[in-house]
*Asks:* 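Pasting a structure here, questions to come.
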Protein chains: 2
Amino acid sequence: MDAMTPPLVAHKDRLRLWIRLLRAARVVEGELRERLKTQFEMTLPRFDVMSALYRERDGMLMSDLSRFLLVSNGNVTGIVDRLVSDGFVVRSNREGDRRTSIVRLTEAGEIRFAEMASAHENWIEELLKDISEEDARRLSSMLKAFRSNWEAEH
Amino acid sequence: MDAMTPPLVAHKDRLRLWIRLLRAARVVEGELRERLKTQFEMTLPRFDVMSALYRERDGMLMSDLSRFLLVSNGNVTGIVDRLVSDGFVVRSNREGDRRTSIVRLTEAGEIRFAEMASAHENWIEELLKDISEEDARRLSSMLKAFRSNWEAEH
DNA sequence: GAAAAATACTTCAACCTTGAAAGTTTATGC
DNA sequence: GCATAAACTTTCAAGGTTGAAGTATTTTTC
């Protein structure tokens, strides 16, 4: 064998990273989905919408939700519909623009989300406990930079 | 203000990491989905199944696929059904156990996957280009450790 | 070897998701 | 002002996803 033989599979580091990242995300997401369902009778997509609305107490447009959550418009329509019939969310008309309506949490929605958010935070701490806080911070800022670059390009 | 006042929001590093990781994964996944669709008329779940079968040329059981891809059994049934009608996959009976069948790529499936895999690898390189190879390796091994710990505990 | 348990898979209802098409309303150009 | 474009949302079909229930087969237990 030639001592100078180059590696047969070079520059695959990013591909491997992507695969592992995806699998880790799936594992954690599956666990969260299950706990939300059993402990709060809640789905992950609905939790995500409520989370966005909890940050924006004055409400959001459907398109705001769609953009923020990175999902399609039609998708948000269905999820909000179900949250409305759950009694956690309301659509209210907006003065001066009859195309849009503002989506807000109801009081029941705020109370329920606060409960879930508290549990959710603990679950994440538990599920990611094997990642040191140091690593978490470094990785987190790496991902922030990644996202910033992405936003700048798209 | 008390100089010793502790941070109001401590130990949120992992939560922030999780949120950013999820968003990054969604951005990349959305891009991959769109490219697979427009350039290969292929969905991401079907690509994932073909990818698993390409690694295991002798074929896999449905339950192997389910376990490997981290999705439910019923889900795999549907995706494989569609891949069979696409002509990319076959189910063949297995001697000695009539509960199971071996799922394999057809020759057309192997050829098609090889084309897609090549493009896919380039896409990942492109999409993750802002992550240095050094960072990619470090993060990758961090995620590997995370997954190993997870497996050990579950 | 019959009964019970375990294994492998499919079916199904409910929900999530996308992308395209269509509806409504508002803004723009002339 | 009127036509056109743009913006915002919903609808719909096709597909993905889960978890529970059901079917079939094999293995285990006694």
Side-chain angles (χ1 to χ4, degrees), chain A residues 22 25-50 59-86 88-89 91-103, chain B residues 22 25-27 29-50 52 59-86 88-89 91-103:
Chain A
L22 202 51
R26 251 178 230 181
V27 165
V28 175
E29 209 168 3
E31 192 69 24
L32 293 177
R33 181 189 306 115
E34 190 180 332
R35 295 186 187 190
L36 275 178
K37 178 174 186 182
T38 60
Q39 298 185 30
F40 294 101
E41 291 179 354
M42 176 62 52
T43 68
L44 209 37
R46 288 180 217 189
F47 176 83
D48 286 343
V49 166
M50 291 179 77
M60 296 175 81
L61 301 182
M62 296 298 282
S63 44
D64 292 337
L65 280 168
S66 167
R67 200 167 18 252
F68 181 73
L69 298 173
L70 303 174
V71 298
S72 66
N73 276 339
N75 190 0
V76 175
T77 296
I79 296 170
V80 168
D81 283 351
R82 286 170 213 117
L83 280 173
V84 168
S85 56
D86 287 342
F88 294 141
V89 151
R91 286 182 168 96
S92 49
N93 291 345
R94 198 162 69 128
E95 290 294 315
D97 192 341
R98 283 183 299 181
R99 290 170 303 183
T100 65
S101 58
I102 299 261
V103 182
Chain B
L22 202 51
R26 250 178 228 181
V27 164
E29 208 167 3
E31 192 69 25
L32 293 177
R33 181 189 304 115
E34 190 180 333
R35 294 186 188 191
L36 274 178
K37 179 174 186 181
T38 60
Q39 298 184 30
F40 293 100
E41 291 179 352
M42 176 62 52
T43 68
L44 209 36
R46 288 180 218 190
F47 176 83
D48 288 341
V49 167
M50 291 178 76
M60 296 174 81
L61 301 182
M62 297 296 283
S63 44
D64 292 337
L65 281 168
S66 167
R67 198 166 21 250
F68 181 73
L69 298 173
L70 304 174
V71 298
S72 67
N73 277 338
N75 189 0
V76 174
T77 296
I79 295 171
V80 168
D81 284 350
R82 285 169 213 119
L83 280 172
V84 168
S85 56
D86 287 343
F88 293 141
V89 151
R91 285 181 168 97
S92 49
N93 291 345
R94 197 164 68 130
E95 289 294 314
D97 192 338
R98 283 182 299 179
R99 290 171 303 182
T100 65
S101 57
I102 299 262
V103 183

*Asks:* Between Val84(A) and Asp81(A), is any pair of side-chain heavy atoms under 4.5 Å apart?
*Replies:*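 With C-beta onward as the side chain, the pair stays apart.
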
*Asks:* With side chains defined as the heavy atoms from C-beta onward, is the minimum distance between Asp86(A) and Leu83(A) less than 4.5 Å?
*Replies:*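 A side-chain contact under 4.5 Å exists here.
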
*Asks:* For Glu34(A) and dT17(D), what is the distance between atoms CD and C1' respectively, to the nearest whole Å?
*Replies:*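 Spelled out: CD on Glu34(A) to C1' on dT17(D) is 14 Å.
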
*Asks:* When the distance from CG of Asn93(A) to C1' of dT25(C) is rounded to whole Å, what number comes out?
*Replies:*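 Spelled out: CG on Asn93(A) to C1' on dT25(C) is 13 Å.
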
*Asks:* Could you give the CG-to-P distance, from Asp97(A) to dA7(D), as a whole number of Å?
*Replies:*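 These atoms are roughly 12 Å apart.
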
*Asks:* More 5' along DNA chain C: Thr43(A) or Gly96(A), using each one's nearest nucleotide?
*Replies:*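 The residue mapped nearer the 5' terminus is Thr43(A).
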
*Asks:* Just how far, in rounded Å, is P of dA24(D) from CE of Met62(B)?
*Replies:*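 Taking atom P of dA24(D) as the reference, CE of Met62(B) is at 18 Å.
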
*Asks:* Tell me the interatomic distance from Glu95(B), atom CD, to dT26(D), atom P, rounded to whole angstroms.
*Replies:*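 Computing the Glu95(B):CD to dT26(D):P distance gives 11 Å.
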
*Asks:* What contact category does Arg46(B) fall into here, base, sugar-phosphate, or nothing, at under 4.0 angstrom with non-hydrogen atoms?
*Replies:*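 Here Arg46(B) touches the backbone only, sparing every base.
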
*Asks:* Within residues 72-86 of chain A, find the residues that approach DNA chain C with a heavy atom at under 4.0 Å, and present them sorted by residue number.
*Replies:*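 Heavy-atom cutoff 4.0 Å gives Ser72(A), Gly74(A), Asn75(A), Ile79(A), Arg82(A).
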
*Asks:* On DNA chain D, check which nucleotide each of Ser63(A) and Gly30(A) is closest to and give me the residue with the more 5' one.
*Replies:*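 Nearest-nucleotide comparison on DNA chain D picks Ser63(A).
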
*Asks:* Please report, rounded to the nearest Å, how far the P atom of dA6(C) is from the CZ atom of Arg98(B).
*Replies:*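 Interatomic distance, CZ of Arg98(B) to P of dA6(C): 22 Å.
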
*Asks:* Do Arg99(B) and dA24(D) share a donor-acceptor pair, side chain to base, under 3.5 Å?
*Replies:*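 Check fails, no donor-acceptor contact within cut-off.
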
*Asks:* Checking Glu31(B) now: which residues fulfil salt bridge (charged side-chain N to carboxylate O under 4.0 Å, His left out) with it, not counting sequence neighbours?
*Replies:*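 By the salt bridge (charged side-chain N to carboxylate O under 4.0 Å, His left out) rule, Glu31(B) matches Arg35(B).
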
*Asks:* Taking the side chain as every heavy atom from C-beta outward, state whether Met62(B) and Asn73(B) have any pair of such atoms under 4.5 Å apart.
*Replies:*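 Sidechains of Asn73(B) and Met62(B): no contact.
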
*Asks:* So Arg91(A), base contact, sugar-phosphate only, or nothing? Heavy-atom distance under 4.0 Å.
*Replies:*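 Arg91(A): backbone/sugar contact only, no base atoms under 4.0 Å.
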
